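Given the structure is predicted, the values throughout are model-derived calculations rather than measurements.
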Protein chains: 2
Amino acid sequence: MTTAVTKFSRQRESIKEYLMNTKEHPTADAIYAKVRETFPNISLGTVYRNLHFLVEHGEIIKLSCMDGSDHFDADLSPHHHFVCKCCSRILDLDMEPIEHINTLANAHFKGRIEGNVTYFYGICEECSLAAEHDTPNGQE
Amino acid sequence: MTTAVTKFSRQRESIKEYLMNTKEHPTADAIYAKVRETFPNISLGTVYRNLHFLVEHGEIIKLSCMDGSDHFDADLSPHHHFVCKCCSRILDLDMEPIEHINTLANAHFKGRIEGNVTYFYGICEECSLAAEHDTPNGQE
DNA sequence: CTAATAACAATAATTATTACTATATTTACA
DNA sequence: TGTAAATATAGTAATAATTATTGTTATTAG
């Protein structure tokens with residue numbers, strides 16, 4: 001039994017590169033649509049397989065939303081996310097770390113708390129403005 | 001057109017009653033299995049419809065886990081949850097509220113933050129103990 | 001009791017994701 | 001370089017979870 005070696009793949013590089021150069025937090029489907037511009041016949045399975053690979057190897061992060069959708073992010077710096085209830089976009093938050101809440105959680109807990117997953121939600125700026133101008137969902 | 005009135009339903013009551021009397025945080029499937037003991041031919045669709053109904057009407061809460069599974073909870077008091085990486089159970093945490101993190105998040109944010117969803121994760125007490133006794137997953 | 005309407009069971013359809021397999025790429029090394 | 005071994009891919013099929021549809025049953029108001 002030889003140790004499996006990871007080989008280079010243009011498709012995987014393309015996925016990674018797209019994620020590193022966008023501020024969006026796209027879903028597997030959106031990534032598929034984007035990478036298809038470069039590799040017109042890449043398959044959705046390849047996208048999913050590589051996303052899993054990249055998550056497993058700590059090269060990207062998977063964000064699981066309240067609504068059940070998964071989004072991906074190549075920004076590995078510790079930061080928090082905001083989910084707009086209106087347009088469902090995920091935005092980065094510029095805020096102080098909140099790791100101290102783990103200590104609060106541990107106070108009366110018997111097991112071991114290793115960390116937390118936190119999402120903030122509400123209405124993003126664009127959707128607020130759109131609402132004022134009678135454009136309910138940020139749709140043009 | 002008369003105003004739609006919500007009629008009584010034994011099935012819905014049964015779902016609600018089960019949720020109110022358990023400390024577990026069951027999934028739709030687990031609820032289906034349980035309620036079927038009372039209503040052998042209730043359909044899964046009915047379970048899903050009623051769970052949505054109850055969530056919509058604020059009678060129960062939906063917990064969307066990192067792993068994509070949805071769990072339900074009839075305990076409406078403000079409290080936080082712990083997800084065990086080992087056995088995937090959800091446990092209630094006895095801790096101080098952490099609403100102040102919304103203020104931190106709002107500091108440099110243009111939109112409106114309405115709240116946050118936070119899950120703590122780690123290894124629960126039972127799984128830790130099981131590991132010590134060579135019973136990896138808490139399975140008997 | 002009866003009509004109107006809501007809730008039901010059963011099933012079909014949809015969506016997101018994963019598994020499979022033959023072919024194509026990549027890598028190591030002659 | 002050229003070639004063989006190993007891994008990755010495209011395309012397709014399969015699965016799982018959820019949502020929608022349809023005809024039937026239960027509940028309620030009059």
Open item on the list: Rounded to the nearest 0.5 Å, what separates atom CD in Glu125(B) from atom SG in Cys84(B)?
Closed with: 11.5 Å
TODO: Take the protein atom NZ of Lys7(A) and the nucleotide atom C1' of dA8(D), then report the distance between them rounded to whole Å.
DONE: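 Rounded to the whole Å, the gap is 8 Å.
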Task: Value in whole Å for how far the P atom of dA6(C) lies from CZ of Phe53(B) - done: 12 Å
Open item on the list: Of the options dT25(C), dT9(D), dA6(C), whose atoms approach the side-chain atoms of Arg10(A) most closely?
Closed with: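 Minimum distance to the Arg10(A) side chain belongs to dT25(C).
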Task: Of the listed nucleotides dT9(D), dT27(C), dC8(C), the one nearest the side chain of Phe8(A) - done: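 My answer, after comparing the listed nucleotides, is dT27(C).
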Side chains of [X] and [Y], donor plus acceptor under 3.5 Å:
| X | Y | answer |
| --- | --- | --- |
| His81(B) | Asp73(B) | yes |
| Thr27(B) | Asp29(B) | no |
| Ser69(B) | Asp67(B) | yes |

Task: Exceeds 12 heavy-atom contacts within 6.0 angstrom, atom CD of Glu96(B) - done: no
Open item on the list: Taking the six-membered ring of Phe39(A) as reference, does the cationic atom of Arg10(A) (NZ for Lys, CZ for Arg) lie under 6.0 Å from its centre and within 45° of its axis?
Closed with: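 Arg10(A) over Phe39(A) ring: no.
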Task: Base versus backbone protein contacts along nucleotides 10-19 of chain C [heavy-atom cut-off under 4.0 Å; B, S, -] - done: B-----SBB-
Task: Phosphate contact (dA26(D) OP1 or OP2) by Gln11(B) side-chain N/O below 4.0 Å - done: no
